[in-house]
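Some notes on the structure that comes next.
One-based numbering, in listed order, for ligands and for the atoms of each.
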Amino acid sequence: MSIMDDRRDDEETKVASMRQFTPGKEGNQESSKSSSSSKPSKIRSFIRLYFKENRKFTFSKKKNKELPSSYNNEKYEHANPSFENEAQGSQDPSSLQPNGALNVGSAATTSTTQMSSPDVDSLYVKKRETKKSFFMGGKKKKDSNSKSFFNSRHAGQSNGSDNHSENGNVNGIKATEKERKVEPVKKTTGSARKYSSNSVKIGNVEVGPSSFEKVFLLGKGDVGRVYLVREKKTSRFFAMKVLSKQEMIKRNKIKRAFAEQEILATSNHPFIVTLYHSFQSEEYLYLCMEYCMGGEFFRALQRRPGRCLAEHEAKFYIAEVTAALEYLHLMGFIYRDLKPENILLHKSGHIMLSDFDLSKQSGSIGSPTVIQARNSPSAQNNYALDTKSCIANFRTNSFVGTEEYIAPEVIKGCGHTSAVDWWTLGILFYEMLYATTPFKGKNRNMTFSNILHREVVFPEYADAPSISSLCKSLIRKLLLKDENDRLGSQAGASDVKLHPFFKNVQWALLRHTEPPIIPRLAPTDELGNPNIAHLKESKSLDITNSNHNSHTVEVPLSNLKDQEDDPFLSFNSVTVHHDWD
Ligand SMILES: Nc1ncnc2c1ncn2[C@@H]1O[C@H](COP(=O)(O)OP(=O)(O)OP(=O)(O)O)[C@@H](O)[C@H]1O
């Protein structure tokens with residue numbers, strides 16, 4: 001079977017299978033050699049200066065009179081079926097229970113042993129699938145293997161602290177409400193949260209759920225939905241992520257929601273989705289973000305001939321992702337979930353990283369330093385910013401990621417660093433070029449075994465994409481199994497940027513470069529908002545009624561109000577004003 005065929009099969013699997021959840025304790029076991037006395041605020045100011053950029057993209061200046069990709073049925077068929085489904089009240093696939101956990105079993109004996117490490121603090125592996133599997137008519141796929149590993153794994157970690165699970169299951173036994181202790185997220189002090197201050201002003205939240213009306217459903221994850229909403233007062237459109245508190249409690253994902261808010265509110269970068277407001281109601285947390293009209297990069301990739309890109313096109317996206325990862329690392333974040341599904345496209349076609357719920361923030365971030373570049377192309381330009389130094393010594397033990405993208409050190413369970421992001425960049429690059437990931441096996445066991453033991457192979461069949469040796473060299477270096485040898489291990493993003501493959505890339509002018517795919521957008525109104533007049537609107541226009549009826553309600557939230565340890569008490573309700581608004 002050719003790689004392309006294989007990919008098509010994979011598509012079926014992705015559509016058919018649900019995300020995999022395994023229990024674990026959201027970890028606090030990260031170790032950092034950097035002193036906790038370091039001053040994140042100063043460092044972040046430095047980073048902001050380093051990245052001080054006008055957020056406007058060159059190409060967005062030209063008034064785009066076309067509709068977002070998701071509206072154009074001709075070019076982007078099924079791009080917005082979520083809307084259809086919402087209107088038709090189709091079945092919510094998340095009502096299908098996620099089915100199990102990791103199983104590296106016999107096919108990957110080494111990893112099984114190592115993964116049983118009691119140091120692992122969190123388990124969360126996503127199976128490749130589209131986040132919109134519900135509208136694609138996928139069926140639930142049972143993964144019986146997963147459960148067995150879940151059980152054996154937890155048998156080896158049966159200390160009390162492991163009783164927290166992503167899905168409320170402990171050693172395969174469903175925890176009762178009494179048993180499930182909801183850990184409040186520690187109230188952070190004003191000094192703990194630092195927001196971008198240069199071009200961004202953070203204030204008390206100025207809106208609430210009733211300030212918006214739902215237009216339609218854009219996409220869905222495990223604990224929430226993302227809606228296109230219109231702010232009543234301004235008629236501006238936003239993407240609103242609505243997270244169910246019930247579900248977060250049930251799946252022990254409270255900290256993930258906090259981390260996502262923190263990262264979104266702190267970040268200010270052209271290739272990272274912008275947060276405008278965050279707030280909560282009794283039932284939900286709300287993240288009001290910039291609406292990425294270009295839709296998912298994953299979808300754009302699927303629509304390309306052969307579902308892949310030419311080398312020069314992939315280079316563009318890999319360069320933008322590298323710039324975004326560089327920024328995140330400088331800010332002290334490890335992204336940990338890079339994949340085409342998490343890359344959205346701005347209406348200009350530039351990338352916007354989204355979905356930070358698996359990201360990890362270093363407790364204290366180090367200072368960026370300047371080091372002698374090993375592979376600098378020019379003698380004058382012999383120094384590089386060491387972007388790794390901000391996060392270099394930060395290790396975390398969570399077992400998180402997406403199956404085909406997981407780095408070897410994560411499978412081994414011996415802790416991982418920001419180097420996992422460079423590994424995932426290598427996988428992403430490969431997938432863009434060959435329409436499949438390099439270590440994909442017949443099942444999860446084989447995939448993990450391949451990740452641990454197999455060298456990356458580049459297809460050489462007759463009509464295989466023609467890829468330069470420089471490009472292959474970059475991918476090989478990003479996919480080195482030993483994180484200490486991997487590209488990025490010396491100076492972080494600078495190592496990657498200085499690879500000869502990127503010789504002609506003008507890093508500072510990336511966002512002024514015309515993207516290879518310009519989303520065909522439907523007509524916009526005079527404010528640049530999508531013209532949705534012709535669309536059938538969602539049944540419920542009330543954002544306060546998010547209708548998360550797919551999930552079982554187990555803990556009455558009103559009970560939480562009586563508890564002094566309301567886990568959402570310290571969720572930051574803020575409004576972020578950006579200087580380009
Ligand atoms: N800013 C945005 N603009 C347009 N569409 C968006 C935006 N944010 C999210 N979406 C859509 O909603 C989908 C789900 O979003 P997201 O991945 O953030 O949700 P999630 O609940 O965190 O998912 P997961 O379970 O993978 O963590 C995305 O795949 C995308 O299609």
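Among the atoms of Lys253, none of the N or O lies under 3.5 angstrom from an N or O of ligand 1. Considering both main-chain and side-chain atoms, Cys292 comes within under 3.5 Å of ligand 1 through a nitrogen or oxygen pair. Considering backbone and side-chain atoms together, Asp355 places an N or O closer than 3.5 Å to an N or O of ligand 1.
Taking all heavy atoms of Lys241, Glu247, Lys339, Met352 into account, the minimum distance to atom 22 (O) of ligand 1 is reached by Lys241. With distances taken over non-hydrogen atoms, the option nearest atom 29 (O) of ligand 1 out of Glu296, Glu260, Met240 is Glu296.
With ligand atoms numbered from 1 in the order given, ligand 1 contributes 3 (N), 4 (C) to contacts under 4.0 Å with heavy atoms of Tyr291. Within ligand 1, counting atoms from 1 as listed, the ones closer than 4.0 Å to a heavy atom of Ala239 are 1 (N), 2 (C), 3 (N), 7 (C). Every atom of ligand 1 is numbered from 1 in the order shown, and the set under 4.0 Å from a heavy atom of Leu218 is 4 (C), 5 (N), 31 (O). Close approach of ligand 1 to Gly219 is summarised as follows: ligand atoms under 4.0 Å from at least one heavy atom of the residue are 12 (O), 13 (C). Less than 4.0 angstrom separates some heavy atom of Glu290 from each of these atoms of ligand 1: 1 (N), 2 (C), 3 (N). Listed by number with element, the atoms of ligand 1 under 4.0 angstrom from any heavy atom of Val273 are 1 (N).
Atom CG of Leu275 is separated from atom CZ of Phe238 by 10.0 Å, given to the nearest 0.5 angstrom.
Counting heavy atoms from C-beta outward, Lys339 and Leu428 have side chains that stay 4.5 Å or more apart. Between Ile263 and Ile272 the shortest side-chain heavy-atom distance does not fall below 4.5 Å. Put simply, the side chain of Pro209 does not reach to within 4.5 Å of the side chain of Tyr284, judged on heavy atoms.
Proximity of a side-chain donor or acceptor of Lys347 to a complementary backbone N or O of Tyr291 within less than 3.5 Å is not detected.
Ring centers of His350 and Phe297: at least 6.0 Å apart, outside the cut-off.
In this structure, Arg230 pairs ionically with Glu213, as a charged nitrogen and a carboxylate oxygen lie closer than 4.0 Å.
Below 30°, between 30° and 60°, or above 60°: for Tyr286 and Phe279 the angle between ring planes is below 30°, a parallel geometry.
At least one heavy atom of Leu344 sits less than 4.0 Å from an atom of ligand 1.
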